[in-house]
Amino acid sequence: MATETEGGCQDSADKHIVVSGKLIDELEGLCEEDVFGCYQCGTCAAGCPFMDEMDLTVDEVLRYVILDKKEVLESKTIWLCASCFACAERCPRDINITKIMEALRQIVLRQNIDETDLECLTDEEKRSIPQMAFVSLFRKNIG
Amino acid sequence: MELLYYPGCTLKTSAVNLEESAFAVAEALGHSMIEMEEWNCCGVSASLTEDDLMHHLAPLRNLVHAEDQGMDRIVTLCDMCSNTLKQTDYRVREREDDLKTLNDFMDQENDYRMTVSVQHFLEFLRDDVGWKTLKKKVVNPLKGVRIMPYYGCMLLRPREVAIDDAEEPRIMADLIKALGAEVVDNPYKIECCGSYKTIEEKEMTSRRAKTISTYAVERDADLIMLSCPLCKYNIDQRGKEAELLFDGYSQIPVMYYTQLLAIALGLEGDWGFGAHAVDPTPLLEEKGVLPISEGST
Amino acid sequence: MAYEPKLLGFLCNWCAYAGADLAGVSRVQYPPNMRVIRVMCSGRVDPLHVLEAFRNGMDGVAVLGCHPGDCHYLTGNYQAERKMDLTFRVMEKVGIDPDRLLLDWVSAAEGQRFGEVITDFTERIRELGPLDAADAGPKAAVGEKIASMDRIRWLVGKERDMVDHGNVYGDKLDEAELKDILWNNIVNEYNRELIRSAIRAGSPATVPSIAEAVEMDTATVFKYMIDLENAGQVHMMDIVDDDPRYILVGEVSE
Amino acid sequence: MTAENKVGAVLVVGGGIAGMQSSLDLANSGFKVYLLDSSPGIGGTMAQLDKTFPTNDCSMCIMAPKLVDVGRHPNIELITYSEVESVEGEAGDFKVKIRKKARYVDVEKCTGCGVCAKECPIDAVSVFNEGLSERRAIYLMYPQAVPLAFAIDREKCIGCGLCENLCLADAIVYDDKDELSEINVGSIILCPGFEEFDSDQKGEYGHGRFPNVVSSIEFERILSASGPYKSHVLRASDGKQPKKIAWVQCVGSRDLGCGADYCSSVCCTYAIKEAVIAKEHVPSIEPTIFFMDMRTFGKGFESYYNRAKDEYGVRFLRCRISEIKEDPETHDLTIQYETEDGQLIEEEFDMAVLSVGFTSKEDSRDLAGRMGIDLNERGFCQTQEECPVETSRDGVFVCGAFSGPKDIPETVMEASGAAAKASGLISEARNTMVERKALPPELDVTGVGPRIGVFICHCGINIGGYVDVPGLVDYARGLPGVVYAEDNLYTCSQDTQKRFVETIQENHLNRVIVASCTPRTHEPLFQATIREAGLNAHLFEMANIRDQCSWVHMDDRSTATEKARDLVRMAIAKASIIEPLPMVELDITQSALVVGGGLSGMISALAIAEQGYPVDLIEAQSELGGVMRRIHHSSEGMDVQGFLRDTIGKVDSNPLITVHSNSQIIDIDGYIGNYRTTVEQDSDQIEIEHGVVIVATGAVESKPEEYLFGEDERVVTQLDLEGMMAEGADLSGKTIAMIQCVGSREEHRPYCSRVCCTDAVKNALAIKEAHPDANVYVLYRDMRTYGFKETLYERARAEGVIFIRYSLDRKPTVAKGKDGLVVGTRDHILDMDLEIEADLVVLAPAIIPQPGNADIGKLLKVPLNEDGFFLEAHVKLRPVDFSTEGVFLAGMAHSPKFIGEAIAQAYAAASRACTIISSDKFETEATVSSVNEALCSGCGLCAAACPYLAIELVDGKAVVTTALCKGCGVCAATCRSGAVQQKGFKDEQILSLIKGALCEVL
């Protein structure tokens, strides 16, 4: 971590995530949310502050899980989620979407594929950004 | 009265000005903040997976240390600490078996007897001090200062740990009125500031800061009041950087509620404005709430 | 030439008027500015009389009656108290300084005190200066309109009864609550009158233009427009680029 | 409970449209009705509505006739501003304690003039106008309220006594107390209605904080002409006319966040109505509706939705928004939504309307608790699909929104249904508590010159304040034929009416003129009084010198008086030549003919038999049951085949019901009360006499012509699937793809078959329960599992059934694959092609009308609508009647519906039929047409003009069937030779009115 390799930091390597059975069974232990309860009303997407940067919209992520399309684990969206709970509070089906996003992240992290690599940060930033940001980031993005 | 204070990491480093102003305010109101003897990282951010009890250990230890000191309440300044501690407190109260596992696992510490509650400093001002008494203590009312309250999400969501109405919070608006300033209501006050995304998604956080601050500028607010050090960094620092991304955009100052409270109570001190990307001093002087001190930047 | 305030005094026959005579007999000297009207009881003085006085150019009005409990007609002075309370409120609302009205009690034996009361009142009005008729005239007229409304005179008339003996259901009312209801009616009627005069000044008028003229927010003005339309005093003539335009209706011109 | 001590009266709790309909049915079938309402006037929520879908009729215009009928029906006793305290006893004999709350106004004396409210110093929020405007402490709920009487809101009133001082009718009663009374009834109908969801609970939409966010019921008041804004569409923040209005659907429905796991059924359609009506009021308005599934499933609703989209340009956006933001300065609103292809858009709106759902009322729940009525867990009254109008307690019935969210047609059907059950229970006690006033014999006025009495009313100051009434009396005294004239303060008050009778008899008057308010509400009252004085009711004429004279010329007294003089003179001119009109009575064959032996036919037959009247049930096939024979389990878990078996058993064993199977109707002759029908049963013909006809011919499943149906036996319909599963088909491990809207909601058939979504979900659940490892996909356009059926949709998703939406322009494809069938479609969220390897494809075909409807229609002279179903008299308020008197409609012949709804409508048809056959006499209209044969040239013009076929040519002369004649007078105006005249409105009478209006001296 000491040397700051300007060129060294590149986007995280393409991950080869292995998921044997159905996604919904993988999620079983991690969160007991009734993903199938979703009727694609779009409220979560309409209320998410980070939708512009997301490759999959929030309801598309849920749809991937329902249709068991494993590519959802490679999407940028699950890492962009800042766990602000706006979607969970507003979902008419009372599904805690924030927990589902965390569970999806955990599936990847528990195959010890880390999302974050701190090379890209300048020293100055390491000093000025509040520690709570780093602690949160490590907890969320590193297995 | 004596308040058992849980600082958390950031309050000791980049948010020292929040701590100092809070200490000064507490004292001026006749209370003393006593830092916990034993405290460790609050375990931000709360783990949301069902099977992960491990990450609740850190916050639980803090609750146990408070019980050891014989106190029934922890006061926090940082929104994220308050949220994380409350979520763990809520979970162990809801599920005794988790508490039992955690208690059995902790061999050095005593068992958590659920006698401690977690209170954010804003809640303390509202519930224990009360706006009326606060208003009486204000000697230097912030007359003519238009302040936009910004709550972020950690104080209001998830609903089990909210300190106010999640859709229409009033706690900061009441505080601003008590300080004699004008409230600039706004629809962005409960939208996320970008939180820890600021590390890897700098532009996104700058855009968030610009959206929130532009609204304030259009309503000719003078400054944004908030309570969380990470929100402060994202809107203040990333907002300043947004000036490079969007020409013609200028970031308005951001302040902690404790700094404004200290000024209103007429306390002496420099409140650590140096740590702000946009120094609020010129504005405060122009509004006549701060004495024109020579040589200030 | 120094400003000499024009004053009017209503003196109740049994106490204040007698007090004034006693002052005369005792050669008590007091300024000559006040013209006196003798009434049998201070309770006879109608708010409209006071407002009419201001409308016609008086700078100050005094109503002097018996001390509470001394009234020859038992409760006349209590009625005066309530009627003048209404007058103070109306004056405050329409923008005539309530200090220009004095309500006081002078007994038949207080000749000396009568002189002092008159002298102090004259000085008070001299300080306040003359009442500009052009400005106060229309204000007093609006005040009279309010003070002559059925429901307001009924509330004032029944106030004592309802507070001391109880209303039609037999329960005694809390005075402060009754005062709020009275004040609420005065404010509403005044605001409606303001709005009517704003429309009169520039008809047809839109809600935003009225709001600006009467310095009220558009939501409140709109709420009053609904009341006025239901009462048949205002009519929505048409809607021009999304702004309804209102005209006065059934206005019997003074 | 023996027949003797059954009480012939019914208590109806709740005076909304449901309470009014059941009360009228019961009162017209010979039962005493106590109609109780907790508010000062009846009318319920419908009174608050502006227009109603799908016809856009003004709600008050279609409800007012029922309001007035209920208000003055001799068998209905109105108990307003009252609550039920307790109910003792059992079915047939209940003792009900009632608390009549102190109203502080004497209902008999108050005439509703409103002088008191004008001056009352208290401001209170008008609940009727949903807080958009204010009312006083003394208030009238709405201008057309019945009874038209004010009430004092005791909490708000400060007791200052001003209203008593102002009231001319001396109707104020300050020492009014609550009264406890007890009534004895045979059965009880609960229809207390519902409450709108309080949208303040959805903080994210800002109702209660943002002035420009209103609820849908508030918007109804905004649209209403009697509403606070006089029907101008304005917004509260600045009174401006909004340009962009957003409707937000599912506020408080389909939302676990506020404990509502059901759909409120009506919000989609009423939102479309509000958008369309707003657009009609203000063409510049741009309405947008944010929705999840567009649930326009009722009769005529789908084409209503299409017209809104195509003709009115209402924009439909399929996204449930997360919040509404407001700019605190301008109060404009911003809504962020996700488009169907995943883009996030932020858009500004001037105003937002929250389509709030239904919740149960708190005091209805308390009442049910006190009466021991079971509620379901959502607080609505628990009912069974076998009989949706019965509660858990014997003798207590339910209708309307108290048993669940429903729209007005279904409410009216359930109301008549509840009336059928309530009266069926006590049919032996019919006519026991209903007294027909003994009337003196009618005075014979033939040959006696006119002796006219003129009664002119002050109506407090409503007339007297603006018209010189005493002057009018002197003027009338001078006119020819007038022998008596007087004025009184309130002519319609009880005491004046008593004096009326004496005055007529003392002065031997044989014509009566009353100059007062509108004949529409008061003519029957005065006619009944003069009939009690021995005069024929039609020797009477009114002059409307209030609603159309004093009230509308307030600022010009002289012209008002002059106009009043003209109106009185006109009435007097006609009075001299009016004639007594005999009340024609027809005798009724007290029996019914039911066409169609399906579920609806059988239920209505049983209901009529329960009332004690014989029924002939005509069934084309050999056995009863109709399409229900192919249904094995219902969406609410009812044992369908078991219920069908024991219903058929009841029909066969009922002595009053004669079943004619394998029978065809050859001819139906006659009219109401006197029908003769020829029925052919395997070659021999029999003739049946009966009084009424109930059409219950049902409907059939159409044959799909797409998705390889008929070409591959693995493509079946939902009914086939039910049959297969009943025979235990093994579907474990199989993949089943269901396709909805096959033939429905298409260009050539623009209606929704209503039941297929729930049917598909029901069958999908059945498959999953039997074979958990089966994969079930449902391809749909809008999931229309409305009402409490939403929970089925929940359970299906929870069981892992996958729902994929398709649009009309991208229909799924079915092709033969290697071993299974390949169903191709596109995922609506991912916008990605999907292929399903299906072992079985199940289609939901459209439900189409019986082919034979056209012939039955011709025989009964009743019309069909453009979709081929029968056209009822009025889609909203007479859903089971035909415009031709005496013919009624039930079941799927009306439109596709569920088993429970068909049963409710069957009972309703029976109740409506019994209003006619429950008495042997039928009083026809008096002002019917008559033909002077000497002048009639038999040209047939009159017959062509009559919409009711009440006048026809018989051997070259026009003949009127008085029973069918509704008294409109069109034939008289069409006749070329003056042969046809309308009694009471003869040409000479109308001409006399014209002459009276013009010349000063008659």
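Predicted, not measured: the structure shown is a model, and the values here were computed from it.
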Whatever's closer than 4.5 Å to a heavy atom in chain D on A:Leu62 counts as neither
What part of A:Cys48 gets closer than 4.5 Å to chain D, counting heavy atoms only: side chain, backbone, both or neither?
backbone
Side chain from CB out, backbone as N, CA, C, O: work out which of these in [X] comes under 4.5 Å of a heavy atom of chain A, or both, or neither.
X: D:Asp831; result: neither
X: D:Ile345; result: neither
X: D:Met783; result: neither

Does any part of the side chain of D:Arg318, heavy atoms only, come nearer than 4.5 Å to the side chain of D:Thr339, both counted from C-beta?
no
Looking at [Y], is its backbone amide N or carbonyl O close enough to the side chain of [X] to form a donor-acceptor pair, meaning the two atoms are under 3.5 Å apart?
X: A:Arg93; Y: A:Gly37; result: yes
X: D:Asp782; Y: D:Arg784; result: no
X: A:Thr43; Y: D:Ser322; result: no

Checked A:Arg63, A:Glu60, A:Lys69 vs chain D; the most non-hydrogen pairs under 4.5 Å come from A:Arg63
Looking at A:Asp59, A:Ile66, A:Ile24, A:Leu56, which makes the most heavy-atom pairs under 4.5 Å with chain D?
A:Asp59
Look up atom CD1 in D:Ile324 and atom OG1 in D:Thr334, then write down how far apart they are to the nearest 0.5 Å.
10.0 Å
So D:Tyr793 and D:Phe803, would you call those rings parallel, tilted or perpendicular, with 30° and 60° as cut-offs?
perpendicular
Is any side-chain N of the basic residue among [X] and [Y] closer than 4.0 Å to the acidic one's carboxylate O?
X: D:Glu326; Y: D:Arg209; result: no
X: A:Lys76; Y: A:Glu115; result: no
X: D:Arg797; Y: A:Asp34; result: no
X: A:Asp68; Y: A:Lys22; result: no

Is the terminal nitrogen or CZ of D:Arg254 (NZ for Lys, CZ for Arg) located under 6.0 angstrom from the six-membered ring centre of A:Tyr39 and within 45° of that ring's axis?
yes
Please confirm whether D:Arg378 makes a cation-pi placement over D:Phe788, using NZ or CZ under 6.0 Å from the six-membered ring centre and within 45° of the ring normal.
yes
Those residues of residues 287-297 of chain D, ordered by number, that approach chain A below 4.5 Å (heavy atom to heavy atom):
D:Met292
Neighbours of chain D found in residues 84-92 of chain A - heavy atoms under 4.5 Å:
A:Arg90, A:Pro92
Return the option, out of [options], with the maximum number of heavy-atom pairs under 4.5 Å with chain A.
options: D:Glu323, D:Lys202, D:Arg805; answer: D:Glu323
options: D:Val801, D:Asp261, D:Ile802; answer: D:Ile802
options: D:Asp827, D:Leu834, D:Ile321; answer: D:Asp827

Do D:Phe316 and D:Tyr305 make the cut of ring centroids closer than 6.0 angstrom?
yes
Are the ring centres of D:Tyr262 and D:Tyr786 closer than 6.0 Å?
no
